[in-house]
Each structure stands twice: as structure tokens, then as C-alpha cells.
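Below is one structure; the comments refer to it alone.
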Amino acid sequence: YCSKKYDPSRFFYTRSKIILIIFLMLKGLFTAIITPFKNGKIDENAFARLIEAQIAGGVDGIVPCGTTGESPTLSHDEHNYLIELAVSVVNNRIKIIAGTGSNCTREAVSLTQKAENYKVSAALIVAPYYNKPTKEGVYLHYKAISDNSNVPIIVYNVPSRTVVDISDEEIAKIAKL
């Protein structure tokens, strides 16, 4: 799924990979970055080294604050700081897909808006976890994020983690936002 300014007919969707990718804009290898901690705080130097190692390895982009980056356990300040730090370290050398999903729609909107302000390439939005929303609830979650930001959105469907499986029909409906 992508925000209004992109043509949905340009999308590539692979159900087996459980992700909708904005095909022409975000192609290549993107690494999900862990969030290193030291003494209970984000280890900024280790985080920067991880990013630099990925760039040196030839990746096309990184994904900070996805579920691999422990996003559900980060405070809002930590979450926003990690995205800001990633943008600073990357310095326009590769693309950044910021994980900004949450089971709370207001929180997902806020995190997405903040990431958009940092000029990320896209936002990775996990389906609302734990709450077990209806199909309409899932749609309204993504609609609220789309209505309140202009950054391209990637629908991240991980039913084994969220207990919500977004069907092909639902993704098609979300893609029309």
C-alpha cells in the first residue's frame, strides 16, 4: 500500500513474503536493523556501526524500528530518536523504511508523521497487534495513517505475531486510499 500520490498499478505484491512493496521506488535489499542497548540505554555507537556495516555491504536501504528492532518495547522518545539517528548516519546514501506501526492508531499516526518529518523513504506499518481488530478496523487503522501523512506506507502483514491476517482483498482496498 502506498499513499495517494503513487499509482497502485505500479505495486508488486508477493503473498509469500507477506509484504506489499512499492516496486519501482523501493527495490533491492533492505536490512532490518536491531536496536543495540548498553546499560539499559540505546547504544548509539553500536547502532551507527551496524548501519555503516550494512552500507559497506551494499544494501539499498535499512529498516530501523521494525519488529526486529524491538519497536513494541521502545518508548516514543527512543523510537523517534532511533529514526532520527538512522537518518543522520545514512546521510542520504541509502533509503530508510522507518517502522512506525503500533496497535494504537493514534500512536502509529504520530510515529509516522515524525518519521515523515525526518524525510524517510517510506513507513513500515504492522497490522494492529493484540487488539484483534475487525477487517473494517484494520482498514480504518491504515486509512487514519494515510489521511494524516504523505509518506509512502508499506503494509506489514505478520499474522503469526499480530493474530491479524490482512487478506488480499483488504490489501487491495487499502491500496486505493
Side-chain angles (χ1 to χ4, degrees), residues 1 3 17-22 25-26 28-133 138 141-142 144-146 148-164 166:
Y1 159 71
S3 60
K17 292 193 179 182
I18 328 171
I19 194 164
L20 181 64
I21 298 176
I22 304 151
M25 186 181 147
L26 299 172
L29 175 64
F30 285 72
T31 303
I33 301 292
I34 65 165
T35 302
F37 282 81
K38 186 174 185 178
N39 299 323
K41 296 185 183 209
I42 294 170
D43 187 339
E44 299 168 358
N45 292 327
F47 187 66
R49 285 193 310 272
L50 286 168
I51 293 171
E52 291 295 348
Q54 296 306 309
I55 293 170
V59 301
D60 298 288
I62 59 168
V63 184
C65 298
T67 52
T68 299
E70 298 82 31
S71 60
T73 63
L74 297 171
S75 71
H76 294 155
D77 289 340
E78 288 172 329
H79 196 117
N80 290 325
Y81 178 66
L82 279 168
I83 294 170
E84 180 182 22
L85 182 57
V87 168
S88 175
V89 171
V90 164
N91 194 24
N92 294 312
R93 294 177 288 168
I94 59 173
K95 296 191 181 286
I96 297 174
I97 300 172
T100 60
S102 172
N103 64 331
C104 173
T105 301
R106 282 188 311 270
E107 184 176 312
V109 167
S110 175
L111 292 170
T112 303
Q113 289 172 332
K114 193 74 166 179
E116 180 179 8
N117 290 340
Y118 293 132
K119 307 289 186 217
V120 300
S121 303
L124 179 66
I125 310 290
V126 68
Y129 48 88
Y130 186 75
N131 301 345
K132 297 183 184 178
V138 170
H141 178 78
Y142 284 98
I145 297 164
S146 175
N148 289 284
S149 66
N150 290 309
V151 67
I153 295 171
I154 299 172
V155 174
Y156 187 28
N157 186 27
V158 197
S160 64
R161 298 282 189 216
T162 62
V163 193
V164 174
I166 306 171

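Counting from 1, the numbers follow the sequence of the chain as shown.
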Query - Side-chain heavy atoms of I96 within contact of V87, under 4.5 Å - result: yes

Query - Pairwise salt bridge (Lys or Arg N to Asp or Glu O under 4.0 Å) hits with a residue in residues 105-132, at least two apart - result: none

Query raised in the report: Within the side chain of T162, is there an N or O that forms a donor-acceptor pair under 3.5 Å with the backbone of V158?
Result: yes

Report summary line: Residues V164 and N157: closest non-hydrogen pair is O-OD1, 3.4 Å

Report summary line: Smallest heavy-atom separation, G101 atom then L111 atom, equals O-CD1, 4.4 Å

Query raised in the report: For V163, does its backbone N or O pair with a side-chain atom of Y130 as donor and acceptor, under 3.5 Å?
Result: no

Query raised in the report: Step by step, would you call N148 with T112 a side-chain contact (heavy atoms from CB on, under 4.5 Å)?
Result: CA-CA 9 Å; N148 289 284; T112 303; over 6 Å; no

Query raised in the report: Just by distance, do the side chain of S88 and the backbone of E84 share a donor-acceptor pair under 3.5 Å?
Result: no

Query raised in the report: What residues form a side-chain hydrogen bond (donor to acceptor under 3.5 Å, both in side chains) with T105, not counting sequence neighbours?
Result: H141

Query raised in the report: Are V120 and I97 close enough that some pair of their side-chain heavy atoms sits under 4.5 Å apart?
Result: no

Query raised in the report: Distance from D77 atom CG to L82 atom CG, nearest 0.5 Å?
Result: 11.0 Å

Would you tabulate the side-chain donor-acceptor contacts of residues 51-66 under 3.5 Å, counting partners in other chains and residues two or more places apart, or write 'none'?
unit_1: E52; atom_1: OE1; unit_2: R93; atom_2: NH1; d: 3.1
unit_1: E52; atom_1: OE1; unit_2: R93; atom_2: NH2; d: 3.3
unit_1: E52; atom_1: OE2; unit_2: R93; atom_2: NH2; d: 2.8
unit_1: Q54; atom_1: OE1; unit_2: T31; atom_2: OG1; d: 2.8
unit_1: D60; atom_1: OD2; unit_2: L29; atom_2: N; d: 2.8

Under 3.5 Å, which donor-acceptor pairs link side chains of residues 40-47 to any protein atom two or more places apart or in another chain?
unit_1: D43; atom_1: OD1; unit_2: N45; atom_2: N; d: 3.3
unit_1: D43; atom_1: OD1; unit_2: A46; atom_2: N; d: 3.1
unit_1: E44; atom_1: OE2; unit_2: Y81; atom_2: OH; d: 2.7

Query raised in the report: Is N92 atom CG crowded by more than 12 heavy atoms from other residues, nucleotides or ligands, each under 6.0 Å away?
Result: no

Query raised in the report: Got a second to check how far F30's CZ is from K95's NZ, nearest 0.5 Å?
Result: 7.0 Å

**Report entry** Pairing residues for N80 by the side-chain hydrogen bond (donor to acceptor under 3.5 Å, both in side chains) criterion, not counting sequence neighbours
**Finding:** none

Report task. Report the residues that fulfil side-chain hydrogen bond (donor to acceptor under 3.5 Å, both in side chains) with H79, sequence neighbours left out, ordered by chain and then residue number. Result -> none

Query raised in the report: Which heavy-atom pair separates A115 from T100 by the least distance, and what is that distance?
Result: CB-CG2, 3.7 Å

Query raised in the report: Do you know which two heavy atoms are closest between Y118 and I83, and how far apart they sit?
Result: CD1-CG2, 3.8 Å

Query - Minimum-distance pair of heavy atoms, taken over all atoms of A122 and V151 - result: CA-CG2, 3.7 Å

